[in-house]
Amino acid sequence: MNGLLGIFGGSFNPIHSGHLILAEFIREEFKLDRIIFIPTGNPPHKKVGDLERAQYRYDMVKLAIEDNPFFDISDIELKREGFSYTSDTLKKMKEIYPDEELFFICGGDSIIQFPTWHEIGTIFELASIIVAERPNVLKEKLENMINEFREKYGARILCSSAPHIGISASEIRKRLKQGLSVRYMVPRAVYEYIEKNNLYRGV
């Protein structure tokens, strides 16, 4: 293996400071060489109608990470037709980066839902999982789920000690809809992009 590559998927609707703090913390905590942000295309677990246009979300992520040399972005899910399954994304990333060890970054709320995800055995086969705890997920429930995945799939699951930043994309969208400020909740460039394009006002 030539390097340790973090994969950070999400709707990023919009990307916010909590995402960036988490990614940077995990990059250092697990000594990842870099992290690729992958905005989701058509997620099977979310209503597409809630998502802002793919190009907007891609642009905002790109603006948010442009000053960090350890962060990159991929549009592979945005270009894919049909549902954006994580297993397909990891297969593609392994094709592109055959010599990199992959680490899929997700929240505790996501890994709890893994049993409903497509080809979870493939996910565990292709990548180690880095889990960030969430305040809305009981620690005991999370630990039990992780142990089950380790026993059943031989999964390599690492728990991050990254602090939880109480910012959510849904709260940002709600505030924008109400005409309230989201300054500092998102990077300045993203804030200016949202203002310029009048995003989320009608969501």
Side-chain angles (χ1 to χ4, degrees), residues 6-27 35-68 71-80 83-86 89 104-114 116-117 130-139 141-142 160-203:
I7 306 294
F8 192 7
S11 55
F12 302 121
N13 187 36
I15 189 169
H16 54 68
S17 299
H19 291 129
L20 298 167
I21 293 170
L22 174 66
E24 182 69 353
F25 193 102
I26 285 177
R27 182 187 68 77
I35 292 177
I36 297 181
F37 289 67
I38 303 181
T40 190
N42 184 6
H45 292 92
K46 288 189 177 181
K47 295 178 181 177
V48 177
D50 294 338
L51 289 177
E52 188 50 88
R53 281 171 42 187
Q55 188 63 54
Y56 286 146
R57 291 184 290 115
Y58 179 87
D59 289 347
M60 286 189 283
V61 173
K62 194 170 183 179
L63 286 168
I65 66 173
E66 63 183 356
D67 64 345
N68 189 327
F71 289 171
D72 204 346
I73 184 171
S74 169
D75 61 357
I76 60 172
E77 288 200 2
L78 301 180
K79 290 180 175 176
R80 186 184 308 147
F83 285 129
S84 298
Y85 292 120
T86 296
T89 298
F104 179 70
I105 300 167
C106 69
D109 50 339
S110 292
I111 201 167
I112 290 294
Q113 298 177 6
F114 262 31
T116 67
W117 285 28
I130 297 177
V131 181
E133 290 187 13
R134 289 285 184 269
N136 59 340
V137 178
L138 290 176
K139 190 171 184 178
K141 183 178 181 180
L142 180 62
S160 171
S161 58
H164 175 71
I165 308 299
I167 300 174
S168 71
S170 60
E171 176 66 20
I172 289 172
R173 295 195 302 273
K174 180 180 175 183
R175 290 182 63 83
L176 287 167
K177 186 177 180 182
Q178 294 173 340
L180 301 174
S181 172
V182 298
R183 192 186 294 272
Y184 311 120
M185 297 175 79
V186 298
R188 179 174 179 175
V190 174
Y191 175 81
E192 291 174 350
Y193 187 91
I194 289 172
E195 292 293 308
K196 177 182 176 183
N197 293 283
N198 196 33
L199 303 184
Y200 301 110
R201 307 300 184 193
V203 176

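It should be emphasised that the depicted structure is a prediction, and the values quoted were computed from it without experimental measurement. Residue numbers start at 1 and run along the sequence shown.
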Could you give the distance from [atom1] ([X]) to [atom2] ([Y]), rounded to the nearest 0.5 Å?
| X | Y | atom1 | atom2 | answer |
| --- | --- | --- | --- | --- |
| Glu24 | Arg27 | CD | CZ | 4.0 Å |
| Thr40 | Glu77 | OG1 | CD | 4.5 Å |
| Ile65 | Ile15 | CD1 | CD1 | 7.0 Å |
| Arg80 | Asp75 | CZ | CG | 11.0 Å |
| Ser74 | Ile7 | OG | CD1 | 8.0 Å |
| Ile130 | Ile111 | CD1 | CD1 | 11.0 Å |

field: Test side chain to side chain contact (heavy atoms under 4.5 Å, CB included) applied to Leu78 and Arg57, step by step
entry: CA-CA 10 Å; Leu78 301 180; Arg57 291 184 290 115; 4.0 Å; yes
Locate the shortest heavy-atom distance separating [X] from [Y]; write the atom from each residue and the value.
| X | Y | value |
| --- | --- | --- |
| Ala169 | Asn13 | CB-O, 3.5 Å |
| Ser110 | Cys106 | CB-CB, 4.1 Å |
| Phe71 | Ala23 | CZ-CB, 3.7 Å |
| Leu20 | Pro187 | CD1-CG, 3.3 Å |
| Ser181 | Arg183 | OG-N, 3.0 Å |
| Gly18 | Ile165 | CA-CB, 3.9 Å |

* Is atom CZ of Arg175 surrounded by more than 12 heavy atoms (other residues, nucleotides or ligands) closer than 6.0 Å? -> yes
task = Determine, step by step, whether Val182 and Leu176 satisfy the side chain to side chain contact (heavy atoms under 4.5 Å, CB included) criterion, reporting the C-alpha distance in whole Å, the side-chain angles of both residues, the deciding distance to 0.1 Å, and the verdict.
result = CA-CA 7 Å; Val182 298; Leu176 287 167; 3.8 Å; yes
Who are the ring-ring contact (aromatic ring centres under 6.0 Å, His included) partners of Phe8, not counting sequence neighbours?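 Partners of Phe8 by the ring-ring contact (aromatic ring centres under 6.0 Å, His included) criterion, ordered by chain and then number, come out as Phe12, Phe37.
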Are any of the side-chain heavy atoms of [X] and [Y] separated by less than 4.5 Å?
| X | Y | answer |
| --- | --- | --- |
| Met185 | Glu171 | yes |
| His19 | Val61 | no |
| Pro14 | Ile194 | yes |

Could you tell me whether the side chains of Asp109 and Gln113 share a donor-acceptor contact shorter than 3.5 Å? no
Next item on the list: Decide side chain to side chain contact (heavy atoms under 4.5 Å, CB included) for Tyr193 and Tyr56; before the verdict, give the C-alpha distance in whole Å, the side-chain angles of both, and the deciding distance to 0.1 Å.
Entry: CA-CA 9 Å; Tyr193 187 91; Tyr56 286 146; 3.1 Å; yes
*asked:* With a 4.0 Å cut-off on N to O distance, would you call Glu66 and Lys62 a salt bridge?
replied: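 A salt bridge is absent here (no side-chain N lies under 4.0 Å from a carboxylate O).
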message: Using the rule given for side chain to side chain contact (heavy atoms under 4.5 Å, CB included), can you reason through Met60 versus Val186, listing the C-alpha separation, both sets of side-chain angles and the distance that settles it, and then say yes or no?
response: CA-CA 10 Å; Met60 286 189 283; Val186 298; over 6 Å; no
